[in-house]
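As structure tokens, the structure follows; a few thoughts come after it.
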Amino acid sequence: MPSHENSDITPLLCADRVSMSFGEVPVLFSVSFDVKAGEVHALIGENGAGKSTLMKILGGFHQPTSGRILFEGEPTALPPFGQSEALGIVLIHQELNLAEQMTVEENIFLGREHSRSIFLDRKSMTELTRKYLADMGVDISPSTRISDLSIAEKQMVEIVKAMSRDAKVLIMDEPTAVLTEAETELFFRQVEKLKAKGVAIVFVSHKLPEVKKIADRVTILRDGQWIATKSTSDLTMDAMAQMMVGRELSNLYPPKNETDVDAEIVLAVRNMRTSEINDVSFDLRKGEILGFSGLVGSGRTALFEAICGIEPFESGEIFVDGVSTHFKSVAEARDAGITYLTKDRKGKGLLLQQTMRPNLSLFALPKFVKNFMMDTDAEEAALKRGIRRFDIRARDPKVLVGDMSGGNQQKLLLAKTMECEPRILIIDEPTRGIDVGTKQQIYHFIAALAADGMSVIVISSEMPEIIGVCHRVAVMREGRITGFVSGSEINETEIVRYAAGLKEAPAHV
Amino acid sequence: MNLTKTMLSLAVGGAIALSSSAFADDKIKIGVSYPTPTHAWAAGMNWHAEQAEKRLEALYPDVDLILVNSPDPSAQASALEDLVSVSQIDALVVLPFESEPLTDPVLNVKKSGALITVVDRGLSQPGIEDIYVAGNNPELGRVSAQYMKGRLSDGDNIVILRGIPTTIDNERFDAFMAEIEGSGINVLDHKHANWNRDDGFEVMQDFLSRFPDIDAVWAQDDDIAIGVVAALEQAGRTGDGMFVVGGAGMKETIKSIADGNELQPVDVLYPPAMIATAMDVTVAAFKSNGPVAGRYILGATLITQENAMQFYFPDSPF
Amino acid sequence: MSENAAAQPTKKSWPEIDFKTLGPAIALLILCIIGYSLNSAFLSEGNVTNLLTRSAFIGIIAIGATFVITAGGIDLSVGSMAAVIAGLMIIIMNNAVDTFGSGVATVLIGCGCSIILGIGAGWINGVLTTKGKIEAFIVTLGTMGIYRSLVTYFADGGTLSLDFAIRGTYRPVYYESFFGLPIPVWVFIAVSIVGWVLLNRTAFGRFCTAIGSSEAVAKYSAINVDRIKTYTYIIQGLCVALATIIYVPRLGSASGSTGVLWELEAIAAVIIGGTVLKGGYGRIGGTILGALILTTIGNILNFTDLISNYLNGTMQGLIIIIAVWLQRGSWGKNKKTKT
């Protein structure tokens, strides 16, 4: 899909040398960007590069400090607060924007309900919703409540909602971040359809293979500066990554050092059962990075929430250093040196309305108490240490965590968890929704921790990261571990066979 | 007309208004409906109603009094329906929660053929009740003002603590002001103390800070007066002939008047016992040979050290 | 004293006024100027003492409410709780007179029972909300009705009065002064200091803030959410008990109309002070100012006859809204940014 075919077409939406600063902090420097009807234009860059700001300017949520916006060739001041939807410009936020307690149908027609005289015309809305969902190949009933859907399903509904609004320009902030591969495939098929209809699509992603696959053109931003806009076919993924980061990114994954097979077993789980987990057993050795792979909903998160005392379990045994244990609270697990780092950093990981300091010390708070009082000096020192160790880049230490980028939030969450000084660290989706540069940093942190003798469990839906980081991989399916792979066996085919149920190892540890 | 006179007229009474339906049952059933007591005055009323029930039922074995109290106007409306349908009452004594919402329910009771006695608060439509028994709010204000005029002279200063902003409060206040007018007594200011001890205390504290010269206080109500007295004592301004006039007839107040309290030498009666009067009159409608229907407005008697013990009911909660 | 309120320390020719912190203080200052211009007696020693003493009841209760609200809860039962504790204290002391005489022992028994009752009532609210998994609004609405009707029942619909023999012993707790300040004001100051330290300088305060910000984050950060929330209700109950201990000697009585609407006044004081109603951010200092503002409004209205008595509620409502508006407005602050 080379872009030069329609290079003579006037761009549908165009940002002309826009700059933006918040107060005195500049975040965009004279960036130009345009998108044409029937093309997919990817916007890539590290966290903090200004992608979100540019998208919000294109969606009318921010007014640029200088520069112009042209819509259909005319200079336009886009109306604020999402009113640009009326013009056909729809922005799908990363934080999904659905009314949780309303149904799929009600959400899709929110604000433009069909009615007959004074009554809602539920029948026509239900039928249309069903049609939209079917077009998209999504198997959800129009009357399902949003709160009962998985994140991936919510994402689908958000996309269906945008499409149902006859969008001319569709701006999507990391739409595939929470989608499984199958769902992503389905989503891309729909994007192709939209393209054929002449919709202009702006697509932000951290997944370069996806960009390579779906986008016609790609614009790279770095530190608020425009770096390049090129046809996707002219760029390799490595080139893209290099331009984003501004340095060589030869080694995304750190070298794997072999673990000592005779290292002591620090955590042993036997015959674990909960409502979602069915007879799971595994061992974890000192200094080992053990991956947990499997499809979304295969029970990986539920397993470790049960082990760490967050949720109760029905039966099973946990041995820490050979001693049978049963954590009744998260605090007990923490004190035993086991901490769980959630995949939902905004909902369960960080206090978004607070600054970094109270967030950093929260998990290990007893450590910061001196004579019954909070030792703020120790907290400050810990924050300085954490910022340095995990390379957290915040504009100033008083910024609210909710206003930090995803990558910095993830690093802060990691720093917060590490304040507990765990011996066993469980990281659920360590790099969800963060840029490639930060990903690389996090992989190196994990490797370094393991090299220091810590045992790490990495739960991930991203196959390359499981393959790139872990010494050994447990694959889960429907609440059970279907197999372990290690060493040279760790490859995509083998894992997928276990995950899809094509292969199952006999029950052993 | 005052309370004692009313009682007298009952004692001499003869039979009247004996509807034949009244004897359809073997007993005369009289429903008595009033709000659930949530403050002291209403609790006193509840006590007097219970006393009257015992007394009347002992006196007339064929009379059955049914006491019902309700926490809000709609509950009272339902209670009235039940009195008609379940108890099949021959007469109703009702102290309406609010005039407006209970007018229709009472009218429905009347349509069933029952005799209606309304107490204290009138209905919003005239002519429903056969008998009306009430205290006299304007009279309470007027009697209080008269006492003030007797004690104070031209140029003396008073402050007024009013109740909750309602018709009752306005009637008392307007009558007081009409009576005091032209006497030369200055009303420095009047504020609402909501018939509440704490509010009485705080409003009086502020009056004392604001006005260096106050000669007397009209507190209108005995609960407010308790707060006023505490504030006066705190400020040490109880001397120089300062006095407080309350109202209603709380038993503790009456007792202290009988004992010769100089700070609160009098009280003006607005008796919770009026429910008993209404029950007596209603029973008399069945038992007396004299005419009973009509309006009974009880006097706002000035209680002084001399007559205080007449109005003292030590067992009543009020 | 506040962690979040600070504005960006960027260089400015003009020091940025932090209205979030100063709003309530400015509102109180304006009220005082209005009060003084209406009548110079407003700032007389007597009136200022009255004001401070009166603020002590609502203030102490509101400090407890600051903890509950900061941790994302609400307690509507405090007014009724104060009434029922006052009633039971009076009954207990009246009965203790026969055994222990009318001296300090009886008063101490009364106060001790008050504290036990307060802690117990708070514990009930806390356990029902956390273990019972019922919304705090409903639990405390329920206990509000229960306590209110209990005091009416104990008083037989009337008024419970403290035995005159004990009043002499107990009366100084409200009326006496110590270094020029009435004892209730000292209690208020002590509770304020303890409350401030607890909320701003201890792990417990941090837990409250974290729970109010996000219960899920708190749970995943090894915080025993149920226990901490229950503690906030117990603190609230304890504050109500302390307020009751200094309330009872004032008039020596309790009835069904004692403490009516105190819960709303306490919540209003907390919110005027800058604490966020949905939780996650609390300010003890603001709460104290909020309580003073509420009492001052009533005091000023009693000091003037410029405004019709019937409009008292309007004035109070307006001033509450203005005070909150002063601290919520984004006065020249920069918009939030995404890094």
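Values below: all heavy atoms of this structure, side chains included; hydrogens, waters and symmetry mates excluded. Here the structure is a predicted model, which is why all the values come from computation and not from measurement. By convention in this document, chain letters (A, B, ...) are assigned in the order of the sequence lines, proteins followed by strands, and residues within each chain are numbered from 1.
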Euclidean distance, A:K328 NZ relative to C:N224 CG, rounded to 0.5 Å: 12.5 Å

Looking only at non-hydrogen atoms, find the nearest pair between [X] and [Y] and report the distance.
{"X": "C:S214", "Y": "A:G347", "answer": "OG-O, 3.5 Å"}
{"X": "C:Y220", "Y": "A:V330", "answer": "O-CG1, 4.0 Å"}
{"X": "A:L351", "Y": "C:S213", "answer": "CD2-CB, 3.5 Å"}
{"X": "A:V369", "Y": "C:A203", "answer": "CG2-CB, 3.7 Å"}

Side-chain heavy atoms of A:M373 within contact of C:V197, under 4.5 Å: yes

Flag side-chain contact, heavy atom, 4.5 Å: C:T202 against A:F372: no

salt_bridge(C:K219, A:E311) N-O dist < 4.0 Å: yes

Under-4.0 Å salt bridge between A:E379 and C:R206: yes

Donor-acceptor contact present, side-chain A:Q354 to main-chain C:G280, <3.5 Å: yes

Checking heavy atoms, do the side chain of [X], its backbone, both or neither come under 4.5 Å from chain C?
{"X": "A:S361", "answer": "side chain"}
{"X": "A:L341", "answer": "neither"}
{"X": "A:L362", "answer": "both"}
{"X": "A:E305", "answer": "side chain"}
{"X": "A:T342", "answer": "side chain"}

Trace of the side-chain hydrogen bond (donor to acceptor under 3.5 Å, both in side chains) decision for C:S221 with A:K416: CA-CA 9 Å; C:S221 301; A:K416 168 186 165 177; 2.7 Å; yes

C:Y231, OH atom: more than 12 neighbouring heavy atoms under 6.0 Å: no

Residue C:L198 versus chain A: region with a heavy atom under 4.5 Å: neither

